[in-house]
Amino acid sequence: MQIDFIDNFDSQSSTGSADLGDKILDAFYVAYSTGETEIATALRKILADYVNRPAAERFAAASNRTDPLRRAALWTAVVKTREEYKRLASSPAVASSEKAAVLQEVEDAYRRWARG
């Protein structure tokens, strides 16, 4: 019996890693950015539990990767500033200079996340 999901499963995360921590982090990104905050909160706890396991710590140190909990916090900042910008952008009462300032905050948050 062939189960397509399992048989065709791509073991690489969006970062190109097969590490479970990276996959949990990818799921967190999607959940948080789509407004699934309860799921994102649960995934962040799972990620913290995973990162705090000795084997995961050894793997992260050996590969010299950015701390996944830090990456999750950076992504949270991106989404929060993006949501603030969307809220302000839809209001005609908000000055365009204020909208531009918040848009700059979104871009800065995204750059911080992208750098890791």
Side-chain angles (χ1 to χ4, degrees):
M1 177 179 182
Q2 181 179 14
I3 301 172
D4 289 340
F5 174 76
I6 294 171
D7 293 340
N8 297 321
F9 183 72
D10 179 3
S11 64
Q12 302 296 312
S13 72
S14 68
T15 60
S17 170
D19 178 57
L20 179 59
D22 290 338
K23 292 177 180 298
I24 297 167
L25 185 58
D26 286 346
F28 170 83
Y29 290 157
V30 172
Y32 196 86
S33 63
T34 60
E36 295 289 345
T37 55
E38 287 182 38
I39 292 171
T41 299
L43 285 166
R44 191 181 181 300
K45 182 185 179 318
I46 292 167
L47 183 61
D49 291 345
Y50 177 79
V51 168
N52 290 324
R53 293 175 52 199
E57 289 174 351
R58 284 194 306 274
F59 182 79
S63 64
N64 197 24
R65 290 179 301 139
T66 304
D67 174 17
L69 294 175
R70 181 175 184 280
R71 301 266 312 152
L74 290 169
W75 187 251
T76 300
V78 169
V79 173
K80 284 182 178 181
T81 56
R82 181 195 68 187
E83 293 304 314
E84 176 66 8
Y85 175 74
K86 286 167 59 176
R87 186 185 66 75
L88 292 176
S90 66
S91 174
V94 177
S96 59
S97 60
E98 186 177 350
K99 292 175 186 177
V102 174
L103 179 58
Q104 184 62 50
E105 289 176 26
V106 174
E107 292 172 358
D108 292 344
Y110 185 82
R111 281 189 202 95
R112 284 190 297 277
W113 171 79
R115 285 192 306 262

Test side chain to side chain contact (heavy atoms under 4.5 Å, CB included) applied to Ser97 - qualifying residues, sequence neighbours left out: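 Ser97 satisfies side chain to side chain contact (heavy atoms under 4.5 Å, CB included) with Ala95 only.
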Closest non-hydrogen atom pair, [X] against [Y]:
X     : Y     : value
Ala31 : Leu43 : CB-CD1, 4.0 Å
Ala72 : Leu47 : CB-CD2, 4.3 Å
Pro68 : Val51 : CG-CG2, 3.6 Å

Listed by chain and number, what are the side chain to side chain donor-acceptor pair (under 3.5 Å) partners of Glu107, not counting sequence neighbours?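 Result, side chain to side chain donor-acceptor pair (under 3.5 Å) vs Glu107: none returned.
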Using the test side chain to side chain donor-acceptor pair (under 3.5 Å), find all partners of Trp113 that sit at least two apart in sequence or belong to another chain.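 Once residues adjacent in sequence are excluded, the partners of Trp113 under the side chain to side chain donor-acceptor pair (under 3.5 Å) criterion are Tyr29.
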Mind checking what makes salt bridge (charged side-chain N to carboxylate O under 4.0 Å, His left out) contact with [X], not counting sequence neighbours?
X     : value
Glu98 : none
Lys86 : Glu83
Arg87 : Glu84

Looking at CZ of Arg112 and OG1 of Thr81, how far apart are the two atoms once the value is rounded to the nearest 0.5 Å?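 Atom-to-atom, Arg112:CZ and Thr81:OG1 are 8.0 Å apart.
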How many angstroms lie between CG in Leu20 and CG in Leu25, if you round to the nearest 0.5 Å?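 Spacing of CG (Leu20) from CG (Leu25) equals 11.0 Å.
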Pair Arg111 + Asp108: basic N to acidic O under 4.0 Å: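 Answer for the salt bridge query: yes.
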For residues 31-48, which residue pairs pass the side chain to side chain donor-acceptor pair (under 3.5 Å) check, not counting sequence neighbours?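 Of all non-adjacent pairs touching residues 31-48, those that pass side chain to side chain donor-acceptor pair (under 3.5 Å) are Lys45-Asp49.
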Residue pairs involving residues 85-108 (criterion ring-ring contact (aromatic ring centres under 6.0 Å, His included); sequence neighbours excluded):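 Those involving residues 85-108 do not exist here.
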Mind checking who shares a hydrophobic cluster with Val30, ILVMFWY linked at side-chain heavy-atom distances under 4.5 Å?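 Its cluster partners, ordered by chain and number, are none at all.
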Linked, directly or transitively: [X] and [Y] (ILVMFWY side chains, under 4.5 Å):
X      : Y      : answer
Trp75  : Leu103 : no
Tyr110 : Leu88  : no
Leu74  : Val106 : no

